[in-house]
There are 2 protein chains.
Amino acid sequence: MAEVAARAGVTKQTVSNVVAGKKVRPETLTKVNTAIAELGYKPNLVARSLRTGTTSTVGLFVPSVANPFYSEVVEEVENVLVGHGYNLLLATTRDDPDYTRAHLENLAARSVDALLVAGDKGVVQQVPMLTAADFPVALFAWEGDPPTTLPVVSIDYEHAGFLAGRHLRELGHRNVAVIADLPSHAPRVGGLRRAFAADGLAIDDRKVFTRTSDDAAGGYNAACAALDADPDLTALFATHDVLAVGAIEAVLRSGRRVPEDVSVVGFDDIAQVGRINPALTTVTFPKREMAQQAVELLLRAVDSGRPPTNVISLLRPTLTIRDSSAPPRATA
Amino acid sequence: MAEVAARAGVTKQTVSNVVAGKKVRPETLTKVNTAIAELGYKPNLVARSLRTGTTSTVGLFVPSVANPFYSEVVEEVENVLVGHGYNLLLATTRDDPDYTRAHLENLAARSVDALLVAGDKGVVQQVPMLTAADFPVALFAWEGDPPTTLPVVSIDYEHAGFLAGRHLRELGHRNVAVIADLPSHAPRVGGLRRAFAADGLAIDDRKVFTRTSDDAAGGYNAACAALDADPDLTALFATHDVLAVGAIEAVLRSGRRVPEDVSVVGFDDIAQVGRINPALTTVTFPKREMAQQAVELLLRAVDSGRPPTNVISLLRPTLTIRDSSAPPRATA
DNA sequence: CTGAAAGCGCTAACAT
DNA sequence: ATGTTAGCGCTTTCAG
């Protein structure tokens, strides 16, 4: 920068003004600009960050990118960020509190301008640290009890689970099992239970199977266990679509048909799931709009220099009925 | 830091040494550490970066995170990076050269320590700039002709396409159509053609259908077009699995069975694709190992301060045969 | 509108 | 093993 200044016959300050786009006399502007071009000068953003205390970088925490639900979120967050001239620093929590803590401290020291935390897994324990952070923080797709000190953009997971349950009830199912990522997805299961309870039907704890791993294999295994435990069940609810994919496979491999013998309902409406065979009935919610909303909330706080407005923004989930759910087969 | 130094009765330098874990007399160590704890001191990484010229951050370019292939890559890259104490700055190229260029300059100015570029889409035009970068750069899953100046970790895409073609030939298919993301996936198609050409069979350009969009819907539409154009075809090759998912749907909706009437072969072996119905036959390659290799190549270069060893590392693709491919139905 | 001086928080180099 | 000095590249005062 000093070189540019010397070459253009001005001071560093004037160069800085040019780069920042401030008012500069047209003739000095061209002088400086040619000097910049000739020297191939690129401003050093690190130095600027040190001086201004801002980094134009936003951190995003997700439990995992491999789950298509979160990859869509990541994509949308990046979209919005670049639209505002920000960069994305991505960190995975893997449901591991210690790991998350380390990452969190790292980000704080690196002074991201803001932080979006998606999914409470492994992060709940670190909430005090988040509250104490000296940059805006928002919570996204937060299923547990959110802390009252931080803004949240999420859905009513209990109600979403209820929608799935009501659908199954309306179809006439009485004997269902649940494949769940517990404890994090407890609200979804709770909602399902409430729908059944409304008709005086209880879903026993023994009908709730915790997935062994958080992928389709985990769903497959849990569904096998569920079918073994009760060969007469007529529906399966998986607390997220990846598990549901495995559950469908398990049902088909057992020689049963979906949905004629067993209905399967998922949760999240991830990308490919409407195009598999059979197309999955699942709980849908506007994740991309939610991501936009959350990022913009954060960015407004950054720009204004004030803490983010402390809202709980709950978008509405809906049920997308496709081919994997139908009335139960006639029973004796 | 000055405060800590004052409180501990030492200089900033000694504090710096403590933080860096250098040799310090035990008694000063404890003095400094208590001062750090009492004041809640956190080192400012931005300042350190300005001084040292390193950021402990690696940039990753991917065409899109929504495609499960790339989300797996992102996940693995992040895994390896954190293992080495690095952060991940993620950027999406969306196949848009201008957008990519802007992002690239941004990253350069922000001085990432290294850059991994996955997929050539929209990036090829920017290769000169990559070569000129003053930090290590490596190319990943690069399908086009890679520049000779940069290290590449990839597979032989032409050979991979050949594997798919040979499989179809061995099953006895003669009349196939291709659903392709062109022009980027041309080598895969070329390999398929070579396998058929070995038996004197040509795959006409009219049998190659370019996907309208890069998701399952695009595969669905292209497969419908292919079936309309030639209702007698017995196999479909999709140049990536997401398209293949749509293609299967199209075949099934047309009233045909997979694989009895039409075989479908994909490419990438993304996560859920082995568990859908029918399980997809596809070209597999060790993406995670490749990602590890690429990142470690980069990190070695960073640590040694020398440019990365300029290798072309081509891992071996294999064919994973599942349920979506079978011999063609008997023809008259 | 432009110039001069100061300093963001840290670490490299030397001196002690 | 610790203290001293200097400076990374930029922007924010404050003068001119």
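Throughout, a chain's letter reflects where its sequence line sits, starting with A, and its residues are numbered from 1.
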Query raised in the report: Over how many whole Å does the gap from M1(A) atom CE to dA4(C) atom P extend?
Result: 14 Å
Report task. Give one of base, sugar-phosphate or nothing for V10(B), where a contact means two heavy atoms less than 4.0 Å apart. Result -> sugar-phosphate
**Report entry** For atom NZ of K23(B) and atom C1' of dT2(D), their distance in whole Å
**Finding:** 15 Å
Requested in this report: List the steps, then state whether side chain to side chain contact (heavy atoms under 4.5 Å, CB included) holds for L298(B) with V302(B).
Outcome: CA-CA 6 Å; L298(B) 241 21; V302(B) 172; 5.5 Å; no
Query raised in the report: Is the distance from OP1 or OP2 of dT11(C) to the nearest side-chain N or O of T52(B) less than 4.0 Å?
Result: no
Requested in this report: Among the candidates dT11(C), dT11(D), dT4(D), find the nucleotide nearest to the side-chain atoms of K12(B).
Outcome: dT11(C)
Query raised in the report: To the side chain of K22(B), which of dA12(C), dT11(C), dT2(D) is closest?
Result: dA12(C)
Query - Side-chain (T52(A)) to main-chain (T54(A)) donor-acceptor, under 3.5 angstrom - result: yes
Requested in this report: Starting at atom CD of E3(B), determine the distance to atom P of dC8(C), rounded to an integer number of angstrom.
Outcome: 12 Å
**Report entry** Atom-to-atom span, CD of Q13(A) to C1' of dA15(D) - whole angstrom
**Finding:** 13 Å
Requested in this report: Measure from OH on Y41(A) to P on dG9(D) and round the result to the nearest Å.
Outcome: 10 Å
Query - R110(A): partners by salt bridge (Lys or Arg N to Asp or Glu O under 4.0 Å), with sequence neighbours left out - result: none
Report summary line: When L29(B) and L50(B) are each assigned the nearest nucleotide of DNA chain D, the 5'-most assignment goes to L29(B)
Report task. Please check the phosphate of dT2(D) (OP1 and OP2 only) for any side-chain N or O of R25(B) closer than 4.0 Å. Result -> yes
**Report entry** Separation of dT2(D) C1' from E27(B) CD (nearest whole Å)
**Finding:** 12 Å
Query - F285(B)-F69(B) aromatic ring centre distance below 6.0 Å - result: yes
Query raised in the report: Atom CG of D134(B) and atom C1' of dC8(D): how far apart are they, to the nearest Å?
Result: 15 Å
Query raised in the report: To the side chain of R51(B), which of dG7(D), dT11(D), dT2(C) is closest?
Result: dG7(D)
Requested in this report: Classify the nucleic acid contact of T14(A) as base, sugar-phosphate or nothing, counting any heavy atom under 4.0 Å across all strands shown.
Outcome: sugar-phosphate
Query raised in the report: K42(A) NZ to dC8(D) P: how many Å, rounded?
Result: 21 Å
Requested in this report: Answer yes or no: is there a donor N or O on one side and an acceptor on the other, between the side chain of T55(A) and the main chain of S111(A), under 3.5 Å?
Outcome: yes
Report task. Under 4.0 Å between any heavy atoms, over every strand shown, what does T28(A) touch: base, sugar-phosphate, or nothing? Just pick one. Result -> sugar-phosphate
